[in-house]
Engineer: 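First, the structure itself, so that you have it in front of you.
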Amino acid sequence: MKLHEFQAKALFREYGIPVPRGELAESAEEAGSIAQRIGMPVVIKAQVLRGGRGKAGLVRRAASPAEAIDAARAILASDWKVRRVLVEQALEYERELYLSLSPDPVAGAHLILASAEGGVEIEDMARSAPEKIQRVRVESMRGLMPWQARHIAFSLGLKTETARKVAHIIEQLYALYAGRDAELAEINPLFLLPDGSLVAGDAKVAIDDNALFRHPEFSQDSADFDSDIAREAAAEGIPYLQFDGDISLMCAGAGLTTAVYDLVVDFGGTVANYLEFGGPNYRKSVRAMELCIRNAPKVILIVTFGTIARADVMAEGIVEAIGRLRPACPIVTCIRGTGEDKAHEILRAAGLQPLTDTEEAVRIAVALARQAADREAGETGASHGGRA
Amino acid sequence: MKLHEFQAKALFREYGIPVPRGELAESAEEAGSIAQRIGMPVVIKAQVLRGGRGKAGLVRRAASPAEAIDAARAILASDWKVRRVLVEQALEYERELYLSLSPDPVAGAHLILASAEGGVEIEDMARSAPEKIQRVRVESMRGLMPWQARHIAFSLGLKTETARKVAHIIEQLYALYAGRDAELAEINPLFLLPDGSLVAGDAKVAIDDNALFRHPEFSQDSADFDSDIAREAAAEGIPYLQFDGDISLMCAGAGLTTAVYDLVVDFGGTVANYLEFGGPNYRKSVRAMELCIRNAPKVILIVTFGTIARADVMAEGIVEAIGRLRPACPIVTCIRGTGEDKAHEILRAAGLQPLTDTEEAVRIAVALARQAADREAGETGASHGGRA
Amino acid sequence: MSILIDTTTRVLVMGATGAEGSFWTGHMMAMGTHVIAAVTPGKEGERIGDLPVFHSVRRAIDARGQADAAMLFVPPRFTKDAVFECLDAGIRLIVTAADGIPLHDALQIRAASRERGCMVVGGNTSGIISPGKAMLGMFPYWIERVYKPGTIGVMTRSGSLTNEVTSMVVRAGFGVSTLAGVGGDPVPGMRFAEVLRLFEQDSETEAVVMIGELGGTMEEEVADQLASGAFTKPLVAFIGGRHAPEGKRMGHAGAITSGGTGGARYKMERLRAAGALVAERASQTGTLLAQALHR
Amino acid sequence: MSILIDTTTRVLVMGATGAEGSFWTGHMMAMGTHVIAAVTPGKEGERIGDLPVFHSVRRAIDARGQADAAMLFVPPRFTKDAVFECLDAGIRLIVTAADGIPLHDALQIRAASRERGCMVVGGNTSGIISPGKAMLGMFPYWIERVYKPGTIGVMTRSGSLTNEVTSMVVRAGFGVSTLAGVGGDPVPGMRFAEVLRLFEQDSETEAVVMIGELGGTMEEEVADQLASGAFTKPLVAFIGGRHAPEGKRMGHAGAITSGGTGGARYKMERLRAAGALVAERASQTGTLLAQALHR
């Protein structure tokens with residue numbers, strides 16, 4: 001679960017990591033009055049979870065409350081569906097540093113990365129100038145030792161007093177990362193101000209979804225979903241991703257669904273959504289199909305090869321769903337695994353053709369989607385010319 | 001730092017370990033009204049740090065407020081100098097269990113001991129029926145794992161529901177022990193009540209003195225010292241033990257002072273106090289001697305053999321102390337180590353005889369103490385007959 | 001013998017008293033797995049069929065003798081504790097089915113198992129199976145169709161997709177020596193490279209099929225192994241997520257990329273460059289295998 | 001060579017920039033100890049005499065090469081961190097003078113050093129010295145009177161008392177091969193039994209003097225070692241606290257007994273029964289030594 005910048009900065013405050021003065025605004029006017037209160041200049045930053053907001057013009061500087069209002073209005077009106085902006089004092093800095101904590105899956109450890117040259121993507125720096133990155137591995141059973149924070153801070157080539165402050169921030173960032181089960185805690189940039197103090201310019205924190213039961217203080221914010229359907233799927237515990245293509249995937253098993261996604265694209269189709277109803281959700285056919293239908297797909301493609309997720313149970317559910325939901329689009333089924341003979345009987349009885357080969361099923365689904373598109377094109381008079 | 005039972009039980013409450021209802025009283029009347037409030041029967045328990053209060057009659061049961069007043073009065077009037085009593089509901093129990101956490105210095109671990117037969121001294125049980133004690137070692141870097149608490153609880157031969165509660169109490173006791181840097185956390189007995197619930201009958205917790213800087217919530221209570229002199233010495237950081245003999249030891253180095261104590265007893269003398277003014281305190285001769293004099297000793301015996309604790313500095317301090325305090329008793333000095341030649345000059349100039357052999361110094365001190373005792377006996381007309 | 005398990009492996013099952021646990025424990029035993037005890041705190045004295053239940057791993061081992069392996073049907077939030085209970089009892093192979101182990105727990109499990117030289121397989125895995133010998137996990141009972149005994153080692157991050165791919169392997173006339181599901185989590189207890197090391201030494205394994213996907217670096221580690229000559233048998237790889245959009249988590253917690261590394265295409269290139277036969281589609285696996293083994 | 005240290009031992013000093021630390025570091029070097037670097041965070045670039053100072057142990061080692069040993073003049077509350085910094089850098093012998101290390105820190109230090117097969121001597125110790133060769137710690141500079149080079153190994157829990165006893169050893173005509181102060185804490189990093197194992201193997205050590213006291217089980221462990229035949233040279237023991245009252249802490253944090261075990265008399269009996277020569281008084285040490293070595 002990725003946190004918004006303003007949420008991450010609230011955590012920073014809790015752990016004693018300095019952040020700029022700032023407040024959250026939901027309207028341009030509110031942004032203006034916050035700017036007034038904080039004092040000029042300010043930065044207006046879109047609170048979105050997607051990367052690249054800077055390049056998209058969603059982080060703007062303002063030298064007056066009026067400019068702040070304009071900037072906030074422009075950001076809130078962008079096609080990124082921005083709901084909130086963070087209005088923050090704009091700081092003059094001498095230098096930008098980089099700090100992060102993330103897991104090291106091979107060692108079963110945590111990894112501290114630090115650089116005296118922040119403000120750029122760490123991946124880019126890792127490629128272009130790896131020697132500028134200091135790394136220290138933190139044993140996961142033991143946790144961070146103070147000497148590790150000191151060693152990394154003093155190895156950045158900073159003045160003694162600055163290095164001591166960096167060491168302290170590393171300890172606090174680790175406390176946050178470990179205490180809140182984060183999968184990432186990053187400060188980029190960490191500003192070094194002319195007076196020698198350090199302030200987190202940005203804040204990226206992602207909490208491990210599997211550990212949310214230990215942290216009831218976090219709740220998925222409705223703004224964090226790609227769509228309403230995605231939010232409903234999450235509430236149901238159904239893995240779901242929103243796309244804008246033609247074919248709704250309603251499959252069982254993450255690996256298989258991903259492979260089917262690849263085949264759809266290989267064969268020239270487009271995906272409306274990724275949806276898994278296997279594992280613990282294999283009795284939720286009706287709910288799964290309901291979510292798929294909401295995308296008005298041209299085809300629903302069902303592929304399963306389950307062990308625990310019984311084919312017959314899923315087939316029954318699918319037939320029930322069709323009866324209740326009466327989807328307008330064709331349904332392609334390729335259901336195998338435990339109880340597949342019975343499943344195939346059930347599907348046949350409901351007038352569906354039980355396929356057994358994944359590639360064949362995907363090809364048929366792509367063909368059906370194309371026919372539907374061509375039909376729509378014919379109906380609306382538009383021509384898809386080049387398409388075969 | 002040993003905690004009183006009532007302090008330890010307050011910690012138990014904080015960590016969710018059930019304790020009997022109870023309150024602290026400083027007078028017999030107060031004990032009576034607490035008994036009234038809690039309901040009969042009650043137990044009145046002297047709050048003292050010495051062991052053996054049960055055998056000394058300082059734990060008494062009362063069936064009425066009047067009995068409670070009498071019991072409290074008797075306890076407060078005992079020669080144990082009891083200042084406070086804990087008035088607690090007296091519980092009917094089916095069984096007494098034992099639980100403790102303590103360090104394992106060889107393994108560098110913590111040790112959980114548990115027994116389904118509590119209420120007796122664990123050392124006695126370890127000798128007489130070691131098979132009745134369950135032991136689990138807790139790795140000090142990793143801490144207690146829940147499985148360890150379950151394993152030990154389920155190995156006590158209790159009913160499932162009781163075992164689950166014991167496991168929980170073990171986890172909480174460990175949380176207290178680890179979280180507060182305890183050197184001992186013991187529940188003996190842990191009552192199993194007829195309704196299946198568990199309640200800590202007694203509570204022994206000792207906090208590591210060296211870790212008190214991490215726990216400002218604990219402060220040495222004036223009642224916890226053997227004497228006012230001991231309290232003042234502790235405030236000064238001077239290791240001190242109160243005895244009631246004739247010879248004040250004013251030595252440097254724990255091992256050497258202990259060896260001198262042995263020699264005094266070997267040679268027929270008695271010790272008034274153990275006092276170390278070596279290490280960081282070697283410039284505190286005046287303060288050290290002041291504390292010794294308060295015991296009105298028959299001799300002050302000074303033995304040192306210091307490396308960092310410089311002999312000349314100590315000798316100067318001693319001479320200064322004598323000048324300022326004018327002790328009534330003789331002073332025997334055996335000062336060696338760094339700067340000893342200069343030290344001996346200083347002592348000689350002040351009219352003291354600088355000895356260099358520890359045994360000789362102790363023999364002289366014992367002889368002087370005996371002469372003083374004989375003199376006193378002569379003065380008061382009493383006879384010490386048998387003494388040589 | 002096969003890698004990791006065979007008919008003589010003495011297995012202890014934790015969480016075998018739940019509905020799912022008892023079903024699969026029964027199935028494991030029916031397939032020949034030598035299960036010696038079940039462990040569920042508070043249930044000592046009960047039995048699952050003939051299988052005695054104990055309060056703790058240590059008590060089970062005291063009563064039944066040392067176990068070589070443990071199968072865990074334990075909820076994710078209790079998995080770390082269960083794994084450490086097994087590690088502390090000296091069990092050297094632990095398979096955990098739990099889907100949803102907290103990341104920091106998984107890191108500690110990984111660290112502890114490495115430190116002791118033990119193997120923890122999973123979480124989020126169907127487990128491991130040496131068809132015809134033993135099984136630790138949840139593999140289909142219509143097993144012969146996709147898990148025929150044979151000489152192909154399979155290692156995988158997926159469940160259903162493995163059924164799909166392995167059915168291709170069988171259709172092409174091969175069988176499976178051992179199938180090891182390392183699981184779909186970002187921090188698996190045992191990594192492909194470690195399984196591959198065992199397959200390299202296994203005289204019953206002629207070639208290996210790896211079913212990987214986007215995210216993480218496990219497939220890259222295998223490419224390094226091939227490139228260094230540490231693995232000398234034919235390796236056929238299928239990598240899911242060639243078209244997965246960046247920054248999206250494709251079902252498995254571990255199936256996500258960011259910043260350009262860990263993509264399926266990149267993995268495929270690395271593997272090809274290191275000498276692996278890489279299938280574009282699952283259906284090609286059998287053909288590539290036949291090609292690799294010159295059949 | 002002597003046990004633990006000699007002239008070739010490469011030593012790093014932490015906390016050498018403080019008044020006490022710099023004094024004793026200078027003294028260590030004057031006595032021939034091969035000190036290669038000092039470590040004090042924030043002071044890199046400074047020098048103590050010729051000795052360069054570094055921010056961290058790792059930086060010191062990167063610049064000066066691996067250290068064999070570290071001497072810590074670090075306050076007790078920072079000792080755990082300093083010890084781990086040294087252990088993590090692969091330093092195999094660490095001496096810590098700190099008096100007042102928190103108990104739980106000491107337990108973790110002990111566990112970590114055991115796990116890695118390293119030795120942590122102390123806290124609350126004067127350190128170790130092989131007279132004429134090297135010193136890690138704080139031993140008198142009027143050293144020849146009580147620390148003459150020779151063939152007697154000394155191990156002790158005390159400081160001043162050791163000066164007293166060792167002066168008896170020298171007065172009786174002997175000298176010291178190595179003196180190891182394990183310290184007066186209840187959880188010493190290195191225990192008598194572990195020092196004794198080294199003395200057993202040391203060709204330069206003919207006999208050992210142990211200066212013990214009430215509390216703990218270190219002397220009993222030595223008795224076990226003698227009884228089992230694991231130590232074959234003469235051992236002379238002096239145990240302080242024969243008359244110490246129960247439940248009183250006699251100066252050293254570790255010098256306390258309760259419940260009847262750990263008393264000085266009990267230790268003396270155990271040692272005598274195991275074949276040690278046990279001095280009732282410190283002054284007997286030299287005589288017993290002469291008797292043991294038939295001189």
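Computed from a predicted structure; not experimentally measured. Proteins get letters first, then strands, A, B, ... in listed order; numbering begins at 1 in each.
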Engineer: Is C/Lys80 in contact with chain B via its backbone, its side chain, both, or neither, using a 4.5 Å heavy-atom distance?
Structural biologist: both
Engineer: Side chain from CB out, backbone as N, CA, C, O: work out which of these in B/Glu161 comes under 4.5 Å of a heavy atom of chain C, or both, or neither.
Structural biologist: neither
Engineer: Around atom CG of C/Asp50, are there more than 12 heavy atoms from other residues, nucleotides or ligands closer than 6.0 Å?
Structural biologist: no
Engineer: Test side chain to side chain contact (heavy atoms under 4.5 Å, CB included) on C/Arg59 and B/Ser155 and set out the steps.
Structural biologist: CA-CA 8 Å; C/Arg59 292 179 68 84; B/Ser155 296; 2.9 Å; yes
Engineer: What pair of heavy atoms forms the shortest contact from B/Thr160 to C/Gly42, and how long is it?
Structural biologist: OG1-O, 3.4 Å
Engineer: Just wondering, are more than 12 heavy atoms of other shown residues or ligands nearer than 6.0 Å to OH in B/Tyr93?
Structural biologist: no
Engineer: Under 4.5 Å between any side-chain heavy atoms of C/Asp88 and B/His151, yes or no?
Structural biologist: no
Engineer: Of all the heavy-atom pairs spanning B/Arg150 and C/Pro41, show the shortest one and how long it is.
Structural biologist: NE-CG, 3.3 Å
Engineer: Side-chain contact, heavy-atom cut-off 4.5 Å: B/Gln148 with C/Phe84?
Structural biologist: no
